[in-house]
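First the structure, in the form of structure tokens, and then the observations on it.
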Amino acid sequence: MPELPEVETIKRDLEKTVLGKKIIEVCVHHPAVVREPGVGKFKKDLTGVTVKRILRRAKVLILELSSGKSLVIHLKMTGQLVYPGGGSKSRVSFYLSDGKILDFNDQRLFGELRVLGDWRTLKFIQSLGPEPFDITLAQFKEMISKKRTKIKPLLLDQTFVSGIGNLYAAEALFRAKVGPERPSQSLSGKEKEKLFNAIKDILEKAIRHGGSSVDDYVRVSGKAGDYARFHKVYGRAGKPCFLCKTQVKRIALGGRGTYFCSKCQK
DNA sequence: AATGGGACCTGCGCGC
DNA sequence: TGCGCGCAGGTCCCAT
């Protein structure tokens, strides 16, 4: 589900709602989402601890706890954190010291909850490439030049650059007017620059608007994010391009739906 | 090294 | 109304 802007939005929402609160009790309604340690230890590790700090790495949320351990959450496709919760869709419920509940919902059960002594040791986190905000244009250009893969799947490769998902990859390529199947190293200097700026602008603006609510994503309050109204190509197959009126295309690339305008994006 | 396919799951919307 | 199919924002694993 959520990409960098959505996870950042949830992080900020959590800072306003659950930061500093104590977890009184944890109820695991569906054990599949608890990946580490076992359910029993997971509940024990979380009971009676306070949420001290909330971090985000790419699409991963990290709640640092007073015990020194961390609750690491990957929402994957359909994960949600909702407060105040208590809903019937909850997979895991966190009962907090304010008498309210933080729900972890996840229709498809791809989500992953872990309690770790040190979140930095998680293999997935160690494998992450830099976030777009953490590199310079010169670095981005150099990174891209070394790759021969199609540019769109490359943007989705979290070990290359982290935080971008299917939706924002499509939007950034449209803004940069670059076709999704272009070999990465074929991009001109100007195109790399436009793409880099497009990625950062779009991610920033999406954060300002609380993310894109398509399908399942909601903010911690349960309300929708507001960025979907700015989408130019994502989910618009068959509809006219806002720039040239050509029908937006959808192709499959690396198994993912890929939306683009074949006239505007070369 | 890179790419493609399938897997993990559930539920929605569509066409027939 | 009901059924089957394709689709879904993420990531991993295997085969080629």
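Side chains included, hydrogens not; waters and symmetry mates left out as well; all remaining heavy atoms used. First the proteins, then the strands, lettered A, B, ... as listed; each starts at 1.
- dG4(C) and dC9(B) have their P atoms separated by 22 Å, given to the nearest Å.
- The P atoms of dG6(B) and dC5(C) are separated by 15 Å, rounded to the nearest whole Å.
- Summarising the local packing, NZ of Lys194(A) is surrounded by more than 12 heavy atoms from other residues, nucleotides or ligands at distances under 6.0 Å.
- Position along DNA chain C of the nearest nucleotide to Leu128(A) versus Gln107(A) favours Gln107(A) as the more 5'-ward residue.
- For the pair Leu167(A) CG and dC7(C) P, the computed distance is 17 Å after rounding to whole Å.
- Heavy atoms of Gly255(A) sit nowhere under 4.0 angstrom from any nucleic acid atom.
- Ion pairing of Arg91(A) with Asp106(A) is absent here, as no side-chain N (NZ or NE/NH1/NH2) approaches a carboxylate O to less than 4.0 Å.
- One interatomic measurement links the two molecules: CG of Asp106(A) to P of dA8(C), which rounds to 18 Å at whole-angstrom precision.
- Of the candidates dC9(B), dA8(C), dA2(B), dA8(C) carries the atom nearest the Arg250(A) side chain, counting heavy atoms from C-beta on.
- Checked by atom type and distance alone, the side chain of Asp103(A) pairs as donor or acceptor with a backbone atom of Gly87(A) at under 3.5 Å.
- Side-chain nitrogen and oxygen atoms of Lys59(A) include at least one within less than 4.0 Å of the OP1 or OP2 phosphate oxygen of dT11(C).
- Here dA7(B) presents its C1' atom at 11 Å from CZ of Arg108(A), a figure rounded to the nearest Å.
- One finds a side-chain N or O of Tyr259(A) lying less than 4.0 angstrom from the OP1 or OP2 phosphate oxygen of dA8(C).
- With hydrogens and angles left out, the side chain of Arg256(A) and the base of dA8(C) share no donor-acceptor pair within 3.5 Å.
- Atom CZ of Arg91(A) is separated from atom P of dC8(B) by 17 Å (rounded to the nearest Å).
- The distance between atom NZ of Lys152(A) and atom C1' of dA2(B), rounded to the nearest whole Å, is 17 Å.
- The closest side-chain heavy-atom distance from Glu112(A) to Val33(A) is not below 4.5 Å.
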For this session: Evaluate the criterion ring pair (Phe, Tyr, Trp, His ring centres under 6.0 Å) for residue pair Phe110(A) and His74(A); output intermediate values, then yes/no.
Result: CA-CA 9 Å; Phe110(A) 291 164; His74(A) 199 313; over 10 Å; no
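- Residue Phe124(A) places its side chain closer to dC12(C) than to any other of dT10(B), dC12(C), dG10(C).
- Nearest heavy atom pair, residue Pro2(A) against residue Glu6(A), reads CB-CB, 3.2 Å.
- Nucleotides dC3(C) and dC8(B), compared at atom C1', are 25 Å apart to the nearest Å.
- Remark: P of dG11(B) and CD of Gln80(A) are 13 Å apart, rounded to the nearest angstrom.
- One atom, CZ of Phe160(A), and another, P of dA1(B), lie 16 Å apart when rounded to the nearest Å.
- Residue Gln158(A) places at least one side-chain N or O under 4.0 Å from the OP1 or OP2 atom of dT11(C).
- In this pair, Phe110(A) lays its aromatic ring flat on the base of dC8(B), centres within 5.5 Å and planes under 30 degrees apart.
- With a 3.5 Å ceiling on both atom-pair distances, the Watson-Crick or G-U wobble partner of dA7(B) is dT11(C).
- Protein atom CG of Leu75(A) is 13 Å distant from nucleotide atom C1' of dT11(C), rounded to whole Å.
- Note on His74(A): a side-chain N or O is less than 4.0 Å away from OP1 or OP2 of dT11(C).
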